[in-house]
Amino acid sequence: MKLSVLIPVFNEVNTVAEAVRRVRSLNLPKEIIIVDDGSTDGSRDLLKRLEREAKSAPDPLNELKIHFQPINQGKGAAIRSALSHVTGDIVIIQDADLEYDPGDYMKLLEPILSGKADVVYGTRFYGGGPHRVLFFWHYLGNQFLTLLSNVLTNLNLTDMEVGYKVFKTDVLKNIEIKSNRFGFEPEITIKVAKKKCRVYEVPISYHGRTYAEGKKITWKDGFVTLYSLIRFWLKD
């Protein structure tokens with residue numbers, strides 16, 4: 001089994017090197033595919049340094065691939081770009097901001113490795129490890145959007161917007177991703193449900209950031225998610 005870890009990056013110069021280090025430390029054969037989405041804070045220079053270091057000291061467990069988008073296009077566009085370079089059997093999406101812990105990988109992979117699941121979502125709201133306590137209104141908005149997603153898909157997810165999503169590679173490659181930005185999360189959920197994939201949830205830890213620490217999602221993204229849920233439910 002070879003794992004493909006997709007890491008979209010936009011202005012994460014303070015966290016991306018540590019995120020990559022944590023992923024690399026896991027004793028699994030994997031390719032780490034990083035797509036810098038037009039960063040302007042020094043992330044690109046840092047990633048170029050990591051790329052040089054990886055080439056000078058190859059690691060058979062950690063193949064590092066780094067790609068640079070010419071302009072900022074969004075998370076969905078970065079994932080779409082990364083997916084074109086995937087050669088592994090299983091794909092996991094890893095944010096570069098350290099809100100999610102790579103130490104949860106084996107829990108997330110188990111339902112697929114045991115043959116029970118095609119897709120696995122983490123959940124921040126049902127058991128799991130330690131969670132930083134933040135943003136009641138974000139939580140409430142997440143629960144509303146997850147409820148609407150469940151109504152449309154007939155799934156019973158607890159955390160549709162979670163960043164940790166894991167797929168069999170053939171499942172993800174057979175889904176056309178159209179969203180460029182955070183509409184990726186509702187789009188992929190609707191399309192996974194339409195394909196009748198076997199979906200599991202696994203409790204994870206969560207170390208959320210404040211806006212002062214670099215959090216990017218705002219209330220405007222909630223409206224994008226709402227629009228995307230309805231759009232992709234009606235289409236395709």
Side-chain angles (χ1 to χ4, degrees), residues 1-39 41-69 75 77-114 119-122 124 128-132 162-169 172-173 184 202-209 213-216:
M1 188 278 294
K2 179 181 176 182
L3 181 64
S4 297
V5 183
L6 312 188
I7 307 181
V9 176
F10 178 62
N11 288 350
E12 298 291 0
V13 69
N14 294 322
T15 58
V16 65
E18 176 61 15
V20 172
R21 187 198 67 77
R22 293 183 189 183
V23 172
R24 287 170 63 97
S25 70
L26 300 174
N27 189 30
L28 294 168
K30 55 191 171 294
E31 59 183 3
I32 303 169
I33 305 173
I34 302 172
V35 175
D36 182 87
D37 190 35
S39 293
D41 69 338
S43 294
R44 294 170 83 88
D45 291 335
L46 174 58
L47 290 172
K48 288 175 182 177
R49 177 173 62 80
L50 293 179
E51 187 175 39
R52 290 194 299 269
E53 291 173 356
K55 287 179 178 178
S56 66
D59 179 351
L61 281 182
N62 293 287
E63 181 184 1
L64 189 64
K65 304 175 181 178
I66 303 180
H67 305 276
F68 299 92
Q69 306 273 63
K75 182 176 181 178
I79 290 171
R80 192 164 56 240
S81 175
L83 189 57
S84 66
H85 302 282
V86 164
T87 63
D89 307 292
I90 300 173
V91 172
I92 186 166
I93 298 170
Q94 171 71 55
D95 291 345
D97 56 14
L98 299 180
E99 289 194 338
Y100 297 96
D101 183 3
D104 287 328
Y105 276 18
M106 290 312 301
K107 292 192 297 182
L108 289 161
L109 291 170
E110 193 280 330
I112 293 179
L113 294 176
S114 63
V119 178
V120 177
Y121 280 38
R124 296 165 287 181
H131 294 67
R132 185 176 181 181
V162 68
Y164 262 171
K165 292 180 170 70
V166 189
F167 307 85
K168 288 183 175 179
T169 296
L172 188 55
K173 284 197 170 185
F184 167 79
V202 172
I204 58 170
S205 56
Y206 181 63
H207 310 283
R209 299 188 296 179
E213 293 167 331
K215 191 172 188 67
K216 296 181 177 67

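All values derive from a computational prediction rather than experimental measurement.
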Item to check | Stepwise side chain to side chain contact (heavy atoms under 4.5 Å, CB included) check, Ile7 with Ile33 | outcome: CA-CA 6 Å; Ile7 307 181; Ile33 305 173; over 6 Å; no

Checklist entry - Of Leu26, Val20, Leu28, which meets side-chain contact (heavy atoms from CB on, under 4.5 Å) against Arg24? => result Val20

Next on the checklist: Applying the side-chain contact (heavy atoms from CB on, under 4.5 Å) criterion to Val13, which one of Leu47, Asp41, Asp45 satisfies it?
Outcome noted: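 So the option named by the test is Asp41.
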
Checklist entry - Sequence neighbours excluded, which residues qualify as side chain to side chain donor-acceptor pair (under 3.5 Å) partners of Asp95? => result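 Counting only residues at least two positions away or on another chain, Asp95 forms a side chain to side chain donor-acceptor pair (under 3.5 Å) with Lys75.
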
4.5 Å side-chain heavy-atom contact, [X] and [Y]:
{"X": "Asp36", "Y": "Ile66", "result": "no"}
{"X": "Val166", "Y": "Ile90", "result": "yes"}
{"X": "Ile92", "Y": "Gln94", "result": "no"}
{"X": "Leu98", "Y": "His207", "result": "no"}
{"X": "Gln69", "Y": "Ser81", "result": "yes"}
{"X": "Ile32", "Y": "Lys65", "result": "no"}
{"X": "Tyr105", "Y": "Val23", "result": "yes"}
{"X": "Lys168", "Y": "Val119", "result": "no"}

Checklist entry - Are more than 12 heavy atoms from other residues, nucleotides or ligands located less than 6.0 Å from atom CG of Asp59? => result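 For Asp59, atom CG is crowded (more than 12 foreign heavy atoms under 6.0 Å).
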
Shortest non-hydrogen contact from [X] to [Y]?
{"X": "Arg124", "Y": "Tyr100", "result": "NH1-OH, 3.5 Å"}
{"X": "Asp97", "Y": "Thr15", "result": "CA-OG1, 3.6 Å"}
{"X": "Ala78", "Y": "Pro8", "result": "CB-CB, 3.7 Å"}
{"X": "Val91", "Y": "Thr169", "result": "CG2-OG1, 3.5 Å"}
{"X": "Val202", "Y": "Pro111", "result": "CG2-CG, 4.1 Å"}
{"X": "Val9", "Y": "Ser39", "result": "O-OG, 3.8 Å"}

Atom pair [atom1] ([X]) and [atom2] ([Y]), whose distance is rounded to the nearest 0.5 Å:
{"X": "Ile34", "Y": "His85", "atom1": "CD1", "atom2": "NE2", "value": "12.5 Å"}
{"X": "Lys55", "Y": "Leu64", "atom1": "NZ", "atom2": "CG", "value": "9.5 Å"}
{"X": "Phe167", "Y": "Ser4", "atom1": "CZ", "atom2": "OG", "value": "13.0 Å"}
{"X": "Lys48", "Y": "Arg52", "atom1": "NZ", "atom2": "CZ", "value": "8.5 Å"}
{"X": "Asp37", "Y": "His67", "atom1": "CG", "atom2": "NE2", "value": "13.5 Å"}

Next on the checklist: For a side chain to side chain contact (heavy atoms under 4.5 Å, CB included) check, start with the C-alpha distance between Leu83 and Lys173, then their side-chain angles and the critical distance, and finish with the verdict.
Outcome noted: CA-CA 7 Å; Leu83 189 57; Lys173 284 197 170 185; 4.0 Å; yes

Item to check | Test side chain to side chain contact (heavy atoms under 4.5 Å, CB included) applied to Lys2 - qualifying residues, sequence neighbours left out | outcome: Glu31, Glu63, Thr87, Asp89

Next on the checklist: The test is salt bridge (charged side-chain N to carboxylate O under 4.0 Å, His left out); show your working for Glu18 and Arg21 and say whether it passes.
Outcome noted: CA-CA 5 Å; Glu18 176 61 15; Arg21 187 198 67 77; 2.7 Å; yes

Item to check | Aromatic ring proximity, centroids under 6.0 angstrom, Tyr164 and Tyr121 | outcome: no

Next on the checklist: Run Phe184 and Ile93 through side chain to side chain contact (heavy atoms under 4.5 Å, CB included) and show every step you take.
Outcome noted: CA-CA 12 Å; Phe184 167 79; Ile93 298 170; 3.6 Å; yes

Next on the checklist: Using side-chain hydrogen bond (donor to acceptor under 3.5 Å, both in side chains), reason through Ser205 and Asp104 one step at a time and then give a plain yes or no.
Outcome noted: CA-CA 8 Å; Ser205 56; Asp104 287 328; 3.1 Å; yes

